[in-house]
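First comes the structure, then the notes that go with it.
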Amino acid sequence: MSLSGKTAVITGSNSGIGLGIAHEMARAGASVIINSFSDRDEDHAIAAEITAKHGVEARYIKADMSKPDECRALIEQAGACDILINNAGIQHVAPIDEFPAEKWDAIIAINLSSAFHTTAAALPMMRKAGWGRVVNIASAHGLTASPFKSAYIAAKHGIVGLTKTTALETAREPITANAICPGYVLTPLVEAQIPDTMEKYNMGRDEVVEKVMLERQPSKEFATVEQMGGTAVFLCSDAAAQITGTTISVDGGWTAL
Ligand code: NAD
């Protein structure tokens with residue numbers, strides 16, 4: 001599978017799943033745009049490492065996915081966007097009646113609305129190029145719910161709906177839109193949930209991992225960032241040209257329960 005000649009823009013890709021996807025896209029030959037809201041030397045170094053490792057062009061562009069203008073500017077500054085991976089995401093865990101309104105707004109903006117803005121900016125470029133792939137990183141929580149994650153679950157269900165609409169609006173064109181629904185992947189986002197969950201359930205770390213996080217993941221293993229990247233590369237392949245408007249679960253059997 002060669003993605004040589006394609007440019008992949010991956011939102012929220014200086015860490016975790018986004019970074020894993022960037023590496024797999026680059027391994028397949030795509031040029032990659034790395035993004036986050038910070039502008040540290042380390043962010044630019046990530047792009048340089050990808051170029052050194054995979055021999056492709058890689059660039060870091062700072063853009064805050066909570067801001068509509070910056071979402072659209074990211075795509076414009078990329079100059080090309082054959083593959084759009086909407087991955088940026090944050091989490092907050094609290095019961096609905098204690099859930100801070102500003103956290104709700106931030107999660108909806110970053111995990112859902114950003115994908116609307118980047119997709120709106122990218123589709124004209126894909127149409128001009130005559131080929132495009134939109135891959136939205138949803139979650140098992142885009143298909144099922146858990147307590148204390150109201151904003152995240154609303155946003156992830158929302159992005160599954162946005163994926164379907166994007167697919168229908170592009171169905172007659174060589175453009176597809178799909179969502180990957182990961183189960184638990186051990187990334188900084190998941191690490192950050194462990195202390196709160198330990199407190200909420202009055203458990204130690206190992207117990208939280210085994211009994212809360214992997215409780216619903218029948219494989220009892222975390223999925224990996226490389227598996228997310230491999231799935232995204234597959235969705236960009238010719239074999240996936242008729243796969244559109246759907247979700248692919250990479251969740252160790254979570255949603256089969
Ligand atoms: P992570 O915290 O490692 O990465 C999140 C990325 O989003 C980072 O690169 C961060 O810089 C970026 N980001 C956050 N706010 C941003 C903003 N305002 N503007 C631009 N970038 C921003 O987390 P992760 O686990 O790799 O999560 C990536 C995606 O995968 C998220 O959408 C998450 O919901 C989804 N997901 C993760 C898991 C999991 O178990 N880790 C499971 C299902 C879905």
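Counting convention: from 1, in listed order, for ligands and their atoms alike. Side chains are part of it too, since the values below use all heavy atoms of this structure and drop only hydrogens, waters and symmetry mates.
The closest protein non-hydrogen atom to atom 3 (O) of ligand 1 is Ser15 OG, 2.6 Å. For atom 34 (O) of ligand 1, the closest heavy atom belonging to the protein is Tyr152 OH, 2.5 Å. Closest to atom 22 (C) of ligand 1, if we only count protein heavy atoms, is Phe37 CD2, 3.6 Å. Nearest protein heavy-atom neighbour of atom 27 (O) of ligand 1: Leu189 CD1, 4.0 Å. Atom 19 (N) of ligand 1 has Met65 N, 2.8 Å as its closest protein atom, hydrogens excluded (heavy atom only). When hydrogens are left out, the protein atom nearest atom 40 (O) of ligand 1 is Val185 N, 2.6 Å; that is the closest non-hydrogen contact. Of all protein heavy atoms, the one lying nearest to atom 42 (C) of ligand 1 is Gly183 O, 3.0 Å.
At least one side-chain heavy atom of Ile180 sits under 4.5 Å from a side-chain heavy atom of Leu235. You'll find the side chain of Ser249 reaches within 4.5 Å of the side chain of Leu143, heavy atoms only. At least one side-chain heavy atom of Pro218 sits less than 4.5 Å from a side-chain heavy atom of Leu257.
The shortest heavy-atom distance from Gly20 to ligand 1 is not under 4.0 Å. Distances from ligand 1 to the non-hydrogen atoms of Cys181 include no value under 4.0 Å.
Looking at His54, its side chain never comes within 3.5 Å of a backbone N or O of Ile50 through a donor-acceptor pair.
Counting the atoms of ligand 1 from 1 in the order shown, those under 4.0 Å from a heavy atom of Pro188 are 3 (O). Proximity to Asn87 (heavy-atom distance under 4.0 Å) selects the following atoms of ligand 1: 28 (C), 29 (C), 30 (O), 31 (C), 32 (O). Every atom of ligand 1 is numbered from 1 in the order shown, and the set under 4.0 Å from a heavy atom of Ala63 is 19 (N), 20 (C). Atom numbering of ligand 1 starts at 1 in the shown order; those under 4.0 Å from a heavy atom of Tyr184 are 40 (O). Taking every non-hydrogen atom of Asn14 and a distance limit under 4.0 Å, the qualifying atoms of ligand 1 come out as 8 (C), 9 (O), 10 (C), 11 (O). Under a 4.0 Å criterion applied to the non-hydrogen atoms of Asp64, ligand 1 contributes the atoms 17 (C), 18 (N), 19 (N). Contact atoms of ligand 1 toward Gly16: 3 (O), 26 (O) (distance under 4.0 Å to a heavy atom of the residue). In the vicinity of Gly12, heavy-atom distances shorter than 4.0 Å reach the ligand 1 atoms 6 (C), 7 (O), 8 (C), 9 (O), 12 (C), 21 (N).
For the pair Lys103 and Glu98, the salt-bridge criterion is not met [side-chain N within less than 4.0 Å of a carboxylate O]. The pair Glu207-Lys211 meets the salt-bridge criterion, with a side-chain N (NZ, NE, NH1 or NH2) lying under 4.0 Å from an Asp/Glu carboxylate O.
Contacts of Lys156 with ligand 1, taken as heavy-atom pairs under 4.0 Å, involve the side chain alone. The proximity of Ile110 to ligand 1, defined as any non-hydrogen pair under 4.0 Å, is limited to the side chain. Under 4.0 Å from ligand 1, not a single heavy atom of Ala192 appears. At a 4.0 Å heavy-atom cut-off, ligand 1 does not touch Phe222 at all. Of the heavy atoms in Ile90, only side-chain atoms (C-beta onward) come closer than 4.0 Å to ligand 1.
Ser146 and Arg216 share a side-chain donor-acceptor pair at under 3.5 Å. At a cut-off of 3.5 Å, with distance as the only test, a side-chain donor of Thr118 or Asn86 sits close to an acceptor on the other residue. Asp39 and His44 form a side-chain donor-acceptor contact under 3.5 Å, judged by distance and modelled atom types alone. Thr246 and Asn178 are not linked by any side-chain donor-acceptor pair at a separation below 3.5 angstrom, with hydrogens and angles left out of the test. Residues Asn35 and Ser13 bring no donor and acceptor atom of their side chains to less than 3.5 Å of each other. Residues Lys200 and Gln193 have side chains that never bring a donor and an acceptor to within less than 3.5 angstrom of each other.
Screening residues 8-28 for salt bridge (Lys or Arg N to Asp or Glu O under 4.0 Å), with sequence neighbours left out, gives Glu24-Arg27.
Considering backbone and side-chain N/O atoms, Ile17 comes within less than 3.5 Å of an N/O atom of ligand 1. Checked against a 3.5 angstrom limit, the closest N/O atoms of Pro182 and ligand 1 fall outside it. Remark: ligand 1 and Ser139 share no N or O pair separated by less than 3.5 Å (distance only, no angle test).
A cation-pi contact links Arg72 to Phe116, judged by a cut-off of 6.0 Å to the six-membered ring centre and 45° from its axis.
Atom 21 (N) of ligand 1 has its nearest heavy-atom neighbour, among Ser13, Ser36, Ser66, Ala155, in Ser36. Between Asn35, Thr187, Leu112, Val190, it is Thr187 that holds the heavy atom closest to atom 24 (P) of ligand 1. Nearest-residue assignment for atom 44 (C) of ligand 1 (options Gly89, Ala140, Ala138; heavy-atom criterion): Ala138.
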* Stepwise salt bridge (charged side-chain N to carboxylate O under 4.0 Å, His left out) test for Glu191 and Arg205 -> CA-CA 10 Å; Glu191 279 288 349; Arg205 184 194 156 87; 3.0 Å; yes

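When ring centroids are compared, Tyr152 and His92 stay outside the 6.0 Å threshold.
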